[in-house]
Structure formats: structure tokens, C-alpha cells
S.K.: 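The structure under discussion is supplied below as C-alpha cells; questions concerning it will follow.
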Amino acid sequence: MSTVADRTRAAMDAITSQVYEAPPLRLPPPPAPASRWRWRAAGPRRRWGSWLAPLAAAAAVIAVAISLVAVKGTPDGKPLPAAKPAGAAVSFPGYYLTFNQPVSDETVPVGLELRSTLTGKTLSTLQPPRGLSFAGITGAADDRTFVADAHRGPYGVFDSGGRSRTWYLLRVTGTGSRVSLRMTTLPVPATPAGTEILAIALSPDAAMLAVGTAPWTTDTTHAKQALTVYSVATGAVLRTWTTPPGRANWAIMSGGEGGADPNTGVAWIGNHALAFAGAAETAGASPNEFAVRVLDISRPSGDLLGSSRPTALVPTGTPGGGRSSPFGCDPSWRVNVLITGDGTSYACGGYGASGARLPESLCTPGTAWNTVAFAGFSLATGKETFLSGYRTTCQGLAVAAYAVWVNATGSKVIGWMHFADSIAGKFGVFSNGSFRPLPIPVPGTWYQWDDGSLLYQVAW
Amino acid sequence: VDIDTRARRAGLPDASVGVTELYQAHAVGLIKLGVIMLGDRAAAEDVVQDAFFGLYRNWGRLSDPDNALAYARASVLNGCRAALRQRIRRDRRDRSVVAADAVTADSVEAIVLLSEEHREVFAALRQLPDRQREALVLRFYLGVSEEETARAMGISRGTVKSSTSRALAALGRMLKEES
């Protein structure tokens, strides 16, 4: 029997079998030499520019002054609670960290921006150390402490895998909108070149840093994954667990969807355990079935799979419709399983048939109803709880939903949801049957967010 | 400074010569890429034409001739994404359309001629997310290297790996269910 890859190639061959030549290339005639008139016209523009410059500068100062007044007058101008996970009124973190340019921009070193979750305004910027470029970010629970990693040029988050990483601690100083980032070098040893970062996760108390790694190679037969816990204060290796050879693709499911170092592939449960979505590796489970595995960090270093225990299987929605299958996490984002800080559940975006009472979003008339939602699943029992979403007539894969933040109990998710009939999509807080829009945290176009580009590019 | 002057300064052949040579060498493969992404040969040819026109306009800005093909591939992918978005917007306006995927698939003359087996696979392929389909076509069909695929798609090599493996896994599930 032919493999899926063979069948796919054969189908692609068949569909393109009639394409054996290309039509003539139509190029415009060579441009005429620049006319003297155009050269003459350039002169006055430069002169206008020269005397307009001071005027523009003065206008900019006035504009900044006006904007400062305006910022002060916004709700976000009020001081945010210090050293608390979130303000009581909004109950999600006040700040998030992100990169200051699209991941594909390799022209300048990537810096960081601290922004307000509510308004999306940039509150502070931070340039990387000279010659370096930031590539990964992860946050603690206090909304004021982050760890970032950086690599040497070539710049850009894109394709930065395999390069050595150095580590930095970032602290938010100040309150409200008057905050800045303070950076100090961490004593955590530099990740050697030739290493792929699978996951980074700062513990809630910011005392430990978990780093998942694998060799930067396509040879997964002999490669091992490693999960290492470092002391943030001393850089000492507290624990290291590794996978047996040949399981490199399965122990920690993670991938650089947004190009940045994955920051949700491994999560902390309190300050005592780690959790990650990986191969179920349980009796009766197929290789394509996944479970959240929990690893108590008091266990000695050793075998990653042997030391961790699998919980209930992660249900996956069926691609391409799935109207008759039960609701499950979107397989496109199955790495996007966000484990809650209290260790009771995980949340994911997904779809499938369900009886959940949710608002309706009509996609096309006359087709069956489907559910697109964020749901929480109990780690102990696998029981699902719908957080928020929609009943829709969109086809299964014409929709997408993925989460970028979950609160400690799993009752709130910040995520992205897109419908085939909606160009704009929805980004914001999904909770208890409701949706609260938030500013898109990363520059880009809707289809870039739609394909997972928000993943790993924000840290709360 | 015109395109050709910029090109000569950068050590490149004249724009029309360089772009035409590249087109002759790679246009068929890129049209095939477009056909698989869009399911429509005419649209695919337009996207490739636009990509090479864009390459022509930016020829003098290329720092390295080796970047030209990567630029063309990325432009074709961007063009396909834009065409698909346009199709979705058009379908929103046209309420007589039942589903975008169904319409585009049925409108392709070549698909009608496909065997049942290939039609099933192609239908499954069209249900993959764009990124997975792009990675699969570039890596498994056109034989583009992992690094070049990553450059064309604007993603990391790790994502190319994960996208292709997820695409194959999803296809496997879909085809198993349908068979």
C-alpha cells in the first residue's frame, strides 16, 4: 500500500499534469531615461524639506505633548497593581512583552517592547545588547518579570534556530503607563550552537527557568530532547531530563510557529512541577495520540518520559469538517495546549460537534452547525468545559482558534479566533460564554495572525 | 537610476535578461505550485506573472543573484494567499456560493478529469491550512530544500518540519476516514 506521501505526490502530479509550459513573460518596456524636468523638480522638494524639518520637529514635540496628555487621560494611564498577576477589574495581566518588528525582518537587531494589554500602547522599548538580537521571551506570574534570550547575527527571529542563545532577566520598573524595562545578564549558561529551543518557561516566582532543547538536525532517529531547569539566581542546572533516542519528535510537542522560541510548549504548575503536551505513550494509545504529561521537579534527573506521568488524552477535532466527531483541540495547534498554573486543567482552541449553548456565527447558509470555541479540559478526568466561542456553519478547517494566555484556573483565555466568513477575526479574552476584544499585540496582517504568528511572540 | 544601472552596480545581469532567464527555468514549477494552492491554472499563471514583474521592478535591489529565486517563490506564495483572501471576500458577497472550498475545487476543469483516488487526495489537500499545504508542496512535490522553503514561506526551519509532518498526519487521518 502506498504511503500518504506517495499518494499526495501522485495527486499533485495528476492535478499539474497539464502544466508543461509557461506563457510568455510580459515585462514592461525599458524605462525612459530620467528627464531633465524631473531632475529640476527634485531640487525644490529638497529645499522644501530643508526648511520644513525644524517646523516638523516642532510639530512633533507638540504632538508628543498632546499625546502624553491623552495617554494620561485614558484608563490605562492609571497605575496598574504592582506585583500582582492582574488587576482585579480586568483580571488579566496589565503588560505583555513582544518583539519590536515582524519575525521576517532581518535588517536590524530585534528589540523588545513592553505594551499595555488593554490599549496595545508601547510603554517601554529595549534594544538587545550590542551585536545580539532577541529571539525568545517568557514571563513570570507577577506581570513584572520576564526572561529573554538573544543570539548573534544574522538578525531577525526568523530562522534563528540552531544559534547559540544567551539569557537576560528583564524587570518592569515604575507603575501604570510610566514604566521601563531593566535588563541584567543571567548566569544561565549560553545554549550551544546547533541547538533548537523547543520551549522556554519562567517559573511563576521567577526563580527557575525551564528550557526544552533538541539538536538542530533533521535526523530524529538518534536525537534526544532535553528539558533542563536552571536556577535564575545562580545559573546552576537544577535538573535535566532527556528522551531516549528516536523520540525527539514526540516528547515535547513544540514548533516555532511564529519563528520565536516557543514559550507555551512547557508550562509551570505552581513552582513545583512542569507540564507539557507530548506523546501519550500509554497502553492502547496510537503514536498520533497526545497527552499532557506532568513532571514533578523534585524527581531526579533522568528519563523525561519515564519521570513524567501522562494525564488524560488530548482530544483533537477532525480536520475537514468533523461535524459528526466530538469537539476537540485544533490539530493544527495541538502544540498550543495551555496548561493552567494550578495544574488542574488545560485550555485549547478547537472545533467539532457539540451541544454547547454558544452564540451563532453564520458562515454559509444551509450547512450543518459546528462549534468553534476555546475549551478547558480537566487533567484528571478529561471533562471539557466550554469557555467561549461560537456555533458556526463554517467548515472545519476554514476556522482557526488558538490561545496565547490562560489564567491560573483555566476560566479565561486570551486567544485568536478566525472564521471563514470574517476577514477581521477576533482577538481578545474568551471567558464564560463572553468575548472581550483586545488590541492585536503583534504587527502584521490578519492572515499572519490567522496562521499562528501570534504564538510565542507575546509573553504575559 | 534605472533598474539596469542598479543591477550592473550590484553585479547582476540586466533586469530583463536576468528575470527572463529565471522565468524560463522556474516558471513551470511555480505555476504548478500556484495550481495546487489555488486549484486554478489561469489564476496561477497570473500570480506567477505578477511575481516576476515584481522581481523585475526590484531587480536592482537584490544583493545576491541567488536571492532572486527565493524572492520569486515568496512572491508566488504571497500572491496565492492574496488570491485566496480575495476569493473569500468575493464569496462573502455572493451568497449563492455554498462554500469557498467546494466552489474552487469544482470550478477546476482539471479536477473533473482526476481519478477518484486523486480527487480524494486533492480534496483532503485543499482542507489543510495554507501553511501546511505550502510546506508540503514545496518540500514534497517541488523538492525545495528545508532552508529554501523556510525562506520562501517566511517561517523557521523548525516550522517547516512541523508543518510538513502535521500536514502528512492530517492527510493520513482524512484519507483513512474517507476510504
Side-chain angles (χ1 to χ4, degrees), chain A residues 4-5 7-23 25-28 30-31 33-34 103-104 157-162 196 216 218 249 254-259 288 318-321 331-332 334-335 363-367 395-398 400 420-421 423 447 451-452, chain B residues 2-4 16 19-20 23 27-28 31-32 35-36 41 45 48-49 52-53 56 81 85 88-89 92 95 98-101 110-111 114-115 118 121-122 124-125 127-132 136-137 140-141 146 150 154-159 161-162 165-166 168-175 177:
Chain A
V4 172
R7 292 175 69 187
T8 306
R9 278 195 199 95
M12 288 178 180
D13 271 334
I15 194 72
T16 59
S17 62
Q18 300 301 311
V19 182
Y20 42 80
E21 63 179 0
L25 177 63
R26 301 183 301 274
L27 290 179
V103 291
S104 56
V157 171
F158 162 65
D159 208 16
S160 60
E196 180 177 10
W216 181 245
T218 54
N249 278 336
S254 212
E257 249 70 25
N288 285 334
T318 305
S332 303
R334 61 191 173 201
V335 292
C363 191
T364 50
T367 52
Q395 286 191 336
L397 278 179
D421 66 342
I423 298 300
Y447 62 91
D451 73 1
Chain B
D2 65 43
I3 294 170
D4 288 337
S16 55
V19 172
T20 303
Y23 183 82
V28 170
I31 291 171
K32 288 183 175 185
V35 167
I36 296 171
R41 179 167 178 176
E45 287 180 353
V48 172
Q49 170 74 33
F52 276 86
F53 182 67
Y56 172 80
R81 291 169 194 153
R85 288 199 305 279
I88 290 170
R89 283 197 290 270
R92 287 177 68 196
R95 286 295 177 182
V98 175
D101 280 347
I111 291 174
L114 289 177
S115 69
H118 291 155
V121 176
F122 193 69
L125 195 63
Q127 294 188 63
L128 293 176
D130 288 348
R131 168 178 283 183
Q132 292 183 10
L136 208 59
V137 178
F140 274 61
Y141 183 61
E146 202 170 82
I155 57 177
S156 71
R157 284 171 60 185
T159 308
K161 278 191 287 189
S162 61
S165 63
R166 279 178 211 153
L168 286 174
L171 283 176
R173 281 194 296 271
M174 282 188 270
L175 295 173
E177 282 168 11

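Values in this document were obtained by computation on a predicted structure and should not be read as measured data. In the text below, chain A, chain B and the rest are named by the order of the sequence lines, each starting its count at 1.
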S.K.: Could you check whether any side-chain heavy atom of F53(B) comes within less than 4.5 Å of a side-chain heavy atom of L25(A), counting everything from C-beta outward?
M.R.: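 When only atoms from C-beta onward are counted, L25(A) and F53(B) do not touch, as no gap falls below 4.5 Å.
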S.K.: According to side chain to side chain donor-acceptor pair (under 3.5 Å), who are the partners of Y23(B), at least two apart in sequence or on a separate chain?
M.R.: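 Here no residue qualifies.
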S.K.: Restricting to non-hydrogen atoms, name the atom on L168(B) and the atom on A5(A) that form the minimum distance, rounded to 0.1 Å.
M.R.: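 Scanning both residues completely, I find the closest heavy atoms to be CD2-CA, 4.0 Å.
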S.K.: Go through the atoms of V48(B) and report whether side chain, backbone, both or neither lie under 4.5 Å from a heavy atom of chain A.
M.R.: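 Interface part for V48(B): neither.
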S.K.: Do L171(B) and R7(A) make a side-chain contact, defined as non-hydrogen atoms from C-beta onward lying under 4.5 Å apart?
M.R.: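 Side chain of L171(B) against side chain of R7(A), heavy atoms only: no contact under 4.5 Å found.
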S.K.: Could you tell me which non-hydrogen atom of H118(B) sits nearest to which non-hydrogen atom of A14(A), and how far apart they are?
M.R.: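 Heavy atoms only, the tightest pair is ND1-CB, 3.2 Å.
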S.K.: Holding to side chain to side chain donor-acceptor pair (under 3.5 Å), I want the full list of residues that pass it with Q49(B), two or more places apart in sequence or in another chain.
M.R.: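 Q49(B) satisfies side chain to side chain donor-acceptor pair (under 3.5 Å) with no residue once adjacent residues are dropped.
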S.K.: Please name the pair of heavy atoms, one in M12(A) and one in Y141(B), separated by the smallest distance, quoted to 0.1 Å.
M.R.: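 Closest heavy-atom pair between M12(A) and Y141(B): SD-CB, 3.3 Å.
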S.K.: Of all heavy-atom pairs between P23(A) and I31(B), which one has the smallest distance, and what is that distance?
M.R.: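 For P23(A) versus I31(B), the nearest heavy atoms are CD-CD1, 3.9 Å.
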S.K.: Provide the closest heavy-atom pair for G158(B) versus E196(A) in the form atom of the first, atom of the second, distance.
M.R.: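 So the two residues come closest at CA-OE2, 3.8 Å.
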S.K.: Would you give the length of the straight line joining atom CZ of R41(B) to atom CD1 of I15(A), rounded to the nearest 0.5 angstrom?
M.R.: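 Nearest 0.5 Å value for the CZ-CD1 distance: 11.5 Å.
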S.K.: Can you tell me how far the CD1 atom of I36(B) sits from the OG1 atom of T8(A), to the nearest 0.5 Å?
M.R.: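 Answer for the CD1-OG1 pair, I36(B) versus T8(A), is 10.0 Å.
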